[in-house]
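The block underneath contains the structure these notes are about, expressed in structure tokens.
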Protein chains: 2
Amino acid sequence: MLTTPKVAVDVIVFTVREETLQVLLVQLKTPPYAGLWAFPGGSVPHGESTEVAATRYLFETTGVKDVYLEQLYTFSNPRRDPHGHVVSVAYVALVNRARMSLRVPGKCDNIDWFPVTTPPTLAYDHAEMLEYALQRLRWKLEYTNIVYSLLPRDFTLTELQRVYETILDRPLDKRNFRKKMLSLGMLHATPRMVKVGAHRPARLYRFRHRTPMIIEVL
Amino acid sequence: MLTTPKVAVDVIVFTVREETLQVLLVQLKTPPYAGLWAFPGGSVPHGESTEVAATRYLFETTGVKDVYLEQLYTFSNPRRDPHGHVVSVAYVALVNRARMSLRVPGKCDNIDWFPVTTPPTLAYDHAEMLEYALQRLRWKLEYTNIVYSLLPRDFTLTELQRVYETILDRPLDKRNFRKKMLSLGMLHATPRMVKVGAHRPARLYRFRHRTPMIIEVL
DNA sequence: TCAAAAGTGTTGCATTTACACCCATGA
DNA sequence: TCATGGGTGTAAATGCAACACTTTTGA
């Protein structure tokens, strides 16, 4: 009998693909949740911080590092895991949609992206985690620059707007959006234009800082 | 050798007294931090959620329950506690200034309130926790009704304004403050007036809900 | 020349800020 | 009647929301 709960982390990895907000899930293969899906994650060994553990699990499944990773909340209900009392520190990561080679963790059967609106049945209390993570993501999108972590280095304002619209799940006014983004001073116009299709080329922009910041008025 | 870190909670209890924001601290009596001060808290046994543990430690030191208690952040640096790896889930509680009988926990030498601006030397990473808690408190004060937990059931608008000014550490305009508070519809004017001193009596108000809510526009 | 996406300003409305005097009471 | 804190309104500035047409390109 343990005298303290076990400690674990779960990483809720979001990306935007094909104008859909998607979340990364692994398929469990051991009872009682065999066949169900869950967030990547696992136990935190003695001596490792939860940040480091979350970064490690993120890397093991996606091969990415240096993306936005934020602690979300700690879930500690003693019955959240039927195996025993596991306190899980949940993290949210935002990764961009570039092709990445997913790796199936040993203890899982599969790994894949799912639209957040239509996820498969989730194990543990992961449905609750997902809901909370979405809420926080939408909330923080409005007053921080964290969207940088979902986009490639260079992007057009229309692409940026699509990402906002996808996550917030509502249309935004083009002129107001551009005015706002540019006036915040967090973007940097490059001299390059992107020419695709039979229409006017779009200017490429970059984030001035690819590191999380609260948006201040200029 | 443990395979998982220990789990603990720390409770950062704030109150407002004599126009000062104060925090509850206990004095440690065991090395290596003997004599230093820390937040009430302790380990989380197997089978107890961190919320329940935080509520318990709050009750053991202050005798209060049913106050605003919110999870703040989980601190997990393996070297934050020299005794070994302890993951601490920090909570913030807000209690009102009414006389309460503090109880010294067995493993401590003393317990007392300190102004947040001039705390004694803090053990562990508690200085960092305090800073973060203050930030969150100030932030949430602006868009939630959590201040209810710092006030008695009935209070005057001037008392309410003093609490805001104390926590935000800046003066607020009396007319704008009252207009804002009343227009938000979270207050309820009682028919009672308070008569103290040689001046016009002040009306007493109550919170419509003594439960945390995000402030919505009416 | 047509289709398709990029790009651009102005106006009205709502919210926030700044600011000064009268009121009710007890001593 | 004086000192003390309670209580009230208006005007200016700022920020946010709504809204439509011109530009550039490739086919």
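Letters A, B, ... mirror the listed sequences (proteins, then strands); counts begin at 1.
For E159(B), there are no salt bridge (Lys or Arg N to Asp or Glu O under 4.0 Å) partners, not counting sequence neighbours. In terms of the ring-ring contact (aromatic ring centres under 6.0 Å, His included) criterion, residue partners of Y73(A) (sequence neighbours excluded) are, by chain and number, F75(A), Y132(A). The salt bridge (Lys or Arg N to Asp or Glu O under 4.0 Å) search around D173(A) returns none, not counting sequence neighbours. Partners of R170(A) according to the side chain to side chain contact (heavy atoms under 4.5 Å, CB included) rule, which considers only residues two or more places apart in sequence or in another chain, are E142(A), L168(A), L172(A). Under the rule for a side chain to side chain contact (heavy atoms under 4.5 Å, CB included), R103(A) has no partner lying at least two apart in sequence or in another chain. Residues passing the side chain to side chain donor-acceptor pair (under 3.5 Å) test with S88(A), sequence neighbours excluded: D10(A). Evaluation of the salt bridge (Lys or Arg N to Asp or Glu O under 4.0 Å) rule for E48(B) yields R56(B) as partners, not counting sequence neighbours. For D125(A), the salt bridge (Lys or Arg N to Asp or Glu O under 4.0 Å) criterion is met by R80(A), not counting sequence neighbours.
Whole-Å rounding puts the K180(B) NZ to dT15(C) C1' distance at 10 Å. When the P atom of dG6(D) is taken as reference, atom CZ of F177(B) falls 12 Å away, rounded to whole Å. Atoms CE (M181(A)) and P (dC16(D)) sit 12 Å apart, rounded to a whole Å. For H199(A) and dA27(D), the NE2 to P distance is 11 Å, given to the nearest whole Å. If you take CG of L172(B) and P of dA18(C), they are 11 Å apart, rounded to a whole angstrom. dT16(C) atom C1' lies 13 Å from atom CD of E142(B), rounded to whole Å. The distance between atom CE of M193(A) and atom P of dG26(D), rounded to the nearest whole Å, is 12 Å. Rounded to an integer number of Å, the gap from CZ of R192(B) to P of dG6(D) is 16 Å.
If one axis is set at each end of the helix from dT1(C)-dA27(D) to dA27(C)-dT1(D) from five pairs, those axes are 10° apart, to 10°.
Taking every side-chain heavy atom of A202(A) into account, dG7(C) is the closest of dG26(D), dG5(D), dG7(C).
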Shorter than 3.5 Å, N or O on both sides, protein versus nucleotides 8-10 of chain D: list them out with atom names.
from, atom 1, to, atom 2, distance (Å)
dT10(D), O4, K179(B), NZ, 3.0

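Residue pairs meeting the ring pair (Phe, Tyr, Trp, His ring centres under 6.0 Å) criterion with at least one partner in residues 94-125 of chain B, sequence neighbours excluded, are Y33(B)-Y124(B), W37(B)-F114(B), Y124(B)-H126(B).
Side-chain atoms of T61(B) come within 3.5 Å of backbone atoms of L58(B) as a donor-acceptor pair (strictly under, hydrogens ignored).
Taking the six-membered ring for Trp and thresholds of 30 and 60 degrees, W139(A) and Y143(B) have ring planes inclined between 30 and 60 degrees apart.
Of the residues in residues 155-170 of chain A, none has a non-hydrogen atom less than 4.0 angstrom from any atom of DNA chain D.
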